[in-house]
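In what follows, a structure is listed as structure tokens, so that the remarks can point back to it.
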Amino acid sequence: MTPQQFRLLIVVNQLLMVSLHVVAGMTDSMLPPELRGVDASSVFDTPLSVASGDSAPYFYTVVVDFLTFVAAAGLFFGRRWGRTLYLLCFLALVVSPLAPPYSTGTWWDGLFGYLYEATQGAVLALAYFSHLRRLYERREEEEEEEEG
């Protein structure tokens, strides 16, 4: 894969992230009324300190998505910090479904979610385990030479 193709994959990944949120918002109305805006504690019978309508999960998603966008920009321009931040954002998204409140969705947003996660995994694999990792190592060496 060439660096230009890798950059294109990063752009596609970010477009899928935006598409995921658009599709999820558009398909919420397709859910049965009893599942729209459901309180997770009533479904799973778990004691939650999170009140229904709490904005903390939404805020968490917005922050992680914004940081993922910043990290993708860093990856696009060959910055080592972008690669590290992208990995941390990926890990934050992997563990987020484990914490309540749980959510429901249609298969459409599931489809876009799987495509987004697949491209995110491909970006990480290429950035860390392929010949493209040298782009980030070379950039760091050039910056050190400029400083010294």
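Along the sequence shown, residues carry numbers from 1.
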Out of curiosity, Glu117 CD to Leu93 CG, how far, rounded to the nearest 0.5 Å?
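One finds 8.0 Å between CD of Glu117 and CG of Leu93.
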
Evaluate the side-chain proximity of [Y] to [X]: yes if any heavy-atom separation is below 4.5 Å, no if none is.
X	Y	value
Val64	Leu67	no
Leu85	Cys89	yes
Thr68	Tyr116	yes
Val11	Leu15	yes
Phe6	Val123	yes
Asn13	Tyr86	yes
Leu115	Thr119	no
Tyr128	Leu87	yes

Cation-pi check for Tyr136 against Arg79: NZ or CZ below 6.0 Å from the six-membered ring centre and within 45 degrees of the axis, yes or no?
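Checked: cation-pi criterion not met.
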
Side chains of His21 and Asp109: donor-acceptor distance under 3.5 Å anywhere?
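His21 vs Asp109: no donor-acceptor pair found between side chains.
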
Is it true that [X] and [Y] fall in one hydrophobic cluster, defined by side-chain heavy atoms closer than 4.5 Å?
X	Y	value
Phe129	Ile10	yes
Leu88	Leu124	no
Leu111	Leu16	yes
Trp107	Phe112	yes

Return yes if some donor-acceptor pair links the side-chain N/O of [X] with the main-chain N/O of [Y] below 3.5 Å, else return no.
X	Y	value
Arg83	Arg80	no
Tyr60	Ala92	yes
His131	Met1	yes
Arg7	Phe76	yes
Gln5	Thr2	yes

Quick check: closest heavy atoms across Ala127 and Leu75, and the distance to 0.1 Å?
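Scanning both residues completely, I find the closest heavy atoms to be CB-CD2, 4.1 Å.
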
Considering non-hydrogen atoms only, spot the tightest contact between Leu9 and Ala122 and give its length.
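Looking at all heavy atoms of both residues, the closest pair is CD2-CB, 4.0 Å.
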
Just wondering, are more than 12 heavy atoms of other shown residues or ligands nearer than 6.0 Å to CH2 in Trp81?
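Yes - once you tally the heavy atoms of other residues, nucleotides and ligands closer than 6.0 Å, there are more than 12.
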
Can you list the other members of the hydrophobic cluster that holds Val18, where links are side-chain heavy atoms under 4.5 angstrom apart?
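Other cluster members: Val22, Met26.
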
